[in-house]
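For reference, the structure is listed below as structure tokens.
Order of the sequence lines sets the chain letters (A, B, ...), proteins ahead of strands, with each chain counted from 1. What you are looking at is a predicted structure, and each value in this text was computed from that prediction instead of being measured.
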Amino acid sequence: MVAKRTIISLIIAIVVIGSTSYISTSLNVLNPSTGAYKSIDGINFTSGTVNLPGLNSPVNVTIDSSGMAHIAARSNHDLFFAQGYYSASQRLFQMELQATLAAGNLSKVIGNQGLSSDLTMRLIGLNRYAYRLENDLRNNYSTYYGYLQDYTSGVNAFINQSSNVNQILGFTLLGIKPFMWTPYDSLVWQQYMAWSLAVGSSSVLQSDLFYNALGYQNYSLLFPYYPYYTQNVTMIPGDGTVNGYNLSDQGINSSYFWKQDFFNQWATGINTSLLSSLNNLIKSAYKNITDPYILPGSHELGSPVGSNSWIITANYSSLNAPMMANDPHLPLLAPSLWIPFQLSDPQMNVTGWGLAGLPGILIGHTSTTSFGLTTPEGNTANDYLEILNGNSYLYNGAYHPMNVTTYTLLNKQYTVYSTNNGPLIARSGSFGISMNWNARTPSLDAMAEIMMDQAHNYSMMLNALKYWGPSPTQNFALVSLHHAGYITAGGYPLINETLPDGKKVSVIGSVSLLNGSMPQYSEIGNVPFKYLPQDINPSRGYMFAPNQPTVGMNYPYPFVGSYWASGGRAETISSYLSTHKGMTIADMEALQSNVSDYWATQFNPLLLNAIDGMNNLNYSERYALNLLQNWNYSYYQDMKNPTVYLYLTAAFYNITYDKLYIANGINGEIPSPYTNSAIYMARNDPSSSWFNGSFQKEARTAFATAIAFMDSRIGNVSQWNWGNTHKLEIESLTGLPQLSIGPLPIWGGRHTVSVGYTPRVLQYPLPYVTIGSSLRTIDSPAKGIYLGVFPGGPSENVLSYWFSNQLNYWINHEYYNMYGLKTEVTIVYAP
Amino acid sequence: MRLEFKITLISGSILLSFVLAFFIHDLVLSFIPMIFLYPFKKKYSMPSGFAIGFASYFAVYFQYNFGDVVRLSNILGGIIGIPGTLVLLIYPLLSGIIAAFGALLWSSCFDIMSGRKTEMNRDADTPEAK
């Protein structure tokens with residue numbers, strides 16, 4: 001007889017082996033052979049030959065010590081194929097996650113957690129517009145569509161090499177395999193980036209909520225059409241005249257025009273009492289196009305997304321050659337949105353940064369040109385109030401059926417309804433709000449980008465930009481061997497307005513909802529290319545575009561719907577450039593790394609004046625006061641002065657603007673006004689109700705509150721260093737802090753040129769800086785000077801040196817010379 | 001049991017374990033190489049199986065830079081919410097457990113198939129006992 005004990009042993013063994021095996025299946029990611037550890041194999045570049053059957057000729061790829069890939073091919077086909085292959089080898093997970101997010105398919109990968117983001121993406125219509133764009137490119141621009149296909153083939157060549165894919169940590173962690181790339185995936189990401197740079201829509205809804213709560217007088221006081229003190233620092237010098245045309249030429253006096261209340265019914269077609277009854281609908285629309293997962297964009301009122309650029313003419317430069325600098329402020333991600341390349345073949349030789357997932361170089365230079373971009377804050381998305389009846393909308397006196405799009409996510413069907421103005425982003429009874437974003441028209445940015453890459457001179461760049469857009473409209477800084485200038489390229493949708501005096505004018509955007517049922521408020525086209533804001537070789541020797549008002553008040557197509565940046569960076573740049581005739585490269589670097597706050601130079605004296613004379617100050621208060629009195633307005637990590645100023649202004653806003661926002665039910669949806677609004681009000685109306693009747697009293701209360709907060713939360717004064725509370729986090733797109741970089745003490749403030757944006761809140765530590773200079777370039781093509789740096793590296797592998805190899809240079813405001821660096825790796829892609 | 005035979009059996013078990021860990025990668029199969037340990041007493045074969053199973057999967061880490069292995073373990077641990085060291089040990093531990101009970105499994109099978117003797121009797125009859 002078999003011993004009972006043996007049988008029991010056998011059963012125990014089977015049970016334990018079975019259950020342990022079962023447990024292990026859910027831990028495959030930890031398998032040292034096949035799991036996450038496989039990604040260690042992918043942390044380094046390896047010299048050698050890679051066989052890629054899709055190529056026609058060998059392609060040489062060298063990686064220099066900065067991590068830039070120099071790709072040299074013999075044809076455009078091979079060049080973009082190789083760019084696609086290399087991009088996938090470094091960023092495939094990022095590319096696929098981005099495309100999945102933009103297409104509204106996140107929930108198919110991560111389940112319910114991604115659903116709200118998907119619904120938002122599909123409501124906005126990124127997927128629909130990407131399909132439309134792909135069809136347009138395929139049918140009408142086959143050469144450029146071919147480049148997209150070449151890039152796609154390169155990506156898929158990488159995916160087909162399964163041993164490569166197994167080394168990618170992101171796929172292993174999610175337990176998924178990559179999908180095969182298509183041109184649509186590139187284009188849907190282009191749409192996402194365009195949406196993040198779109199202006200309007202959300203801000204229109206925010207404006208209406210503010211207007212309904214506090215009226216036009218308060219709105220114009222806190223959010224004037226042109227922010228206070230910015231009239232003389234516009235991107236285009238002068239009064240707004242472009243190519244000899246201005247508002248006055250139309251018989252309209254600009255000072256009359258800008259006094260108008262554009263929330264009024266004559267401007268919108270909507271009775272203001274009706275508007276005031278729509279708060280819930282407006283809030284719903286705002287919520288529906290705002291998802292927490294979506295990267296911060298420009299479409300919010302007071303958006304922190306900005307950028308800097310400036311150009312110097314040959315006459316103003318110590319080099320006797322044009323120069324330019326550019327640093328686009330975007331979400332800082334690990335890996336970066338950007339990937340550095342030199343792309344060369346017999347037809348082109350361009351170097352710079354491309355967006356991971358798209359062919360070409362977006363910000364960069366050739367041997368004769370340089371180009372960069374920033375966001376102009378004029379509306380490219382307008383919202384319309386629709387009158388509905390069932391599934392029909394009213395337009396021009398008749399009801400028309402809405403366009404209906406259905407889709408399924410997680411086994412549930414959803415529907416998007418669209419009127420002639422675009423998708424319905426909210427509905428309540430017989431009213432709805434539709435969003436007319438200019439990306440509804442296919443935007444040929446991918447084509448224009450490659451045309452820019454292939455341009456040899458200023459006029460070729462201008463010609464390329466005729467194809468840019470309509471979405472996103474961007475300020476392009478352009479420099480060639482002899483010329484330097486700007487153009488705001490893309491589409492600015494125009495609306496015809498009849499002013500109270502009966503004069504008619506076409507304006508850009510609206511501050512409020514427009515009546516979608518009345519044809520007179522429909523968009524009538526875009527600003528003609530000739531009259532887009534532009535200038536070349538300005539006589540004063542420089543221009544700059546850090547998101548301040550683009551043009552003066554006499555511009556022929558007034559920016560009614562616009563939410564310009566505060567102009568703090570513009571003031572700093574203007575002041576620096578105007579006093580530095582004979583600009584050197586060192587001056588360019590110094591300005592790009594400037595961390596002084598112009599608005600603090602104006603507001604701090606007002607606060608000090610109010611605080612002066614306070615009695616019975618304790619030690620910390622005396623110490624803080626001394627810091628404020630002896631501040632050079634810089635924000636470095638080891639300084640204590642900016643910490644005191646930040647918390648003082650936070651406390652001040654808390655008991656003034658924030659308090660009234662809360663009292664009027666608009667907190668959380670409307671940002672606080674810019675510092676220049678507070679400065680204006682403190683100077684001109686210190687007894688304003690916004691200051692509860694006394695600027696001095698509130699400043700003193702805020703000072704005591706702020707110092708008490710710092711004492712209790714940060715600790716004694718030795719702990720008050722800016723870098724102790726102000727930290728940078730370069731986030732992973734996955735949201736996992738373990739795959740992110742930081743938090744690291746960081747310089748800068750919300751208004752400094754080298755920006756370190758953080759909200760003005762009584763919180764320790766401050767919310768992390770997550771938006772900033774996503775790359776920095778300084779170029780002078782005529783002199784062969786090309787400097788650049790970005791806070792990352794080419795690789796998405798968190799273990800790799802190449803994941804963040806440029807970070808320290810970026811933090812220290814140092815640059816890589818983009819040529820002549822040591823070659824680290826040489827790879828040949830062989831057909 | 002002769003020493004050479006013992007060494008051969010143990011070596012076979014180790015070799016097969018490592019081959020499976022490095023080339024087949026399927027943890028479930030960790031019990032198979034323990035078949036070589038069937039003649040040993042369970043009190044020896046189970047710990048030996050555990051050690052061989054553990055070592056075979058732990059050794060896989062050494063095909064990488066171990067510093068990177070530790071860094072990645074800490075990252076994974078942060079994501080899962082457990083210490084990085086434990087992350088590093090989980091798979092070898094699971095392999096060790098499966099191998100240990102694999103040894104028990106084969107041993108029990110052997111008991112059943114060859115003479116159906118109790119473990120006590122089999123121990124007395126093994127070459128080792130003689």
>> Quick check on the interface: out of B/Leu27, B/Ile97, B/Ile98, B/Asn74, who has the most heavy-atom pairs with chain A under 4.5 Å?
In response: B/Ile98
Under 4.5 Å from a heavy atom of chain A, the part of [X] involved:
{"X": "B/Ile90", "answer": "side chain"}
{"X": "B/Leu88", "answer": "both"}
{"X": "B/Ser73", "answer": "both"}

> Does the side-chain contact (heavy atoms from CB on, under 4.5 Å) test come out yes or no for B/Leu72 and A/Ser39, once each step is laid out?
Replying inline: CA-CA 9 Å; B/Leu72 183 55; A/Ser39 66; 3.8 Å; yes
Are the side chains of [Y] and [X] in contact, using a 4.5 Å heavy-atom criterion?
{"X": "B/Leu76", "Y": "A/Tyr37", "answer": "yes"}
{"X": "A/Asn28", "Y": "B/Tyr91", "answer": "yes"}
{"X": "A/Leu30", "Y": "B/Leu94", "answer": "no"}

> Distance-only, no hydrogens or angles: does the A/Ser33 side chain make a donor-acceptor pair with backbone N or O of B/Ala21 under 3.5 Å?
Replying inline: yes
> Would you find a donor on one side and an acceptor on the other, under 3.5 Å apart, between the side chain of B/Asp68 and the backbone of A/Leu799?
Replying inline: no
>> One pair to check against side-chain contact (heavy atoms from CB on, under 4.5 Å): A/Ile7 and B/Ile112. What are the steps and the verdict?
In response: CA-CA 8 Å; A/Ile7 299 292; B/Ile112 293 167; 4.1 Å; yes
Answer with side chain, backbone, both or neither: which region of [X] has an atom nearer than 4.5 Å to a non-hydrogen atom of chain B?
{"X": "A/Val798", "result": "both"}
{"X": "A/Ile8", "result": "neither"}
{"X": "A/Ile11", "result": "neither"}
{"X": "A/Leu10", "result": "both"}
{"X": "A/Ser19", "result": "neither"}

To the nearest 0.5 angstrom, please state how far the [atom1] atom of [X] sits from the [atom2] atom of [Y].
{"X": "B/Phe101", "Y": "A/Ile14", "atom1": "CZ", "atom2": "CD1", "value": "12.5 Å"}
{"X": "B/Ile75", "Y": "A/Gln738", "atom1": "CD1", "atom2": "CD", "value": "8.5 Å"}
{"X": "B/Asp26", "Y": "A/Ser24", "atom1": "CG", "atom2": "OG", "value": "7.5 Å"}
{"X": "B/Arg71", "Y": "A/Ile40", "atom1": "CZ", "atom2": "CD1", "value": "9.0 Å"}

>> Are there residues of residues 49-62 of chain B whose heavy atoms fall under 4.5 Å of chain A's heavy atoms? If so, which?
In response: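 Residues in range: B/Tyr57, B/Val60, B/Tyr61.
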> Pick from A/Leu169, A/Ile23, A/Thr20, A/Asp41: which one has the most heavy-atom pairs with chain B under 4.5 Å?
Replying inline: A/Thr20
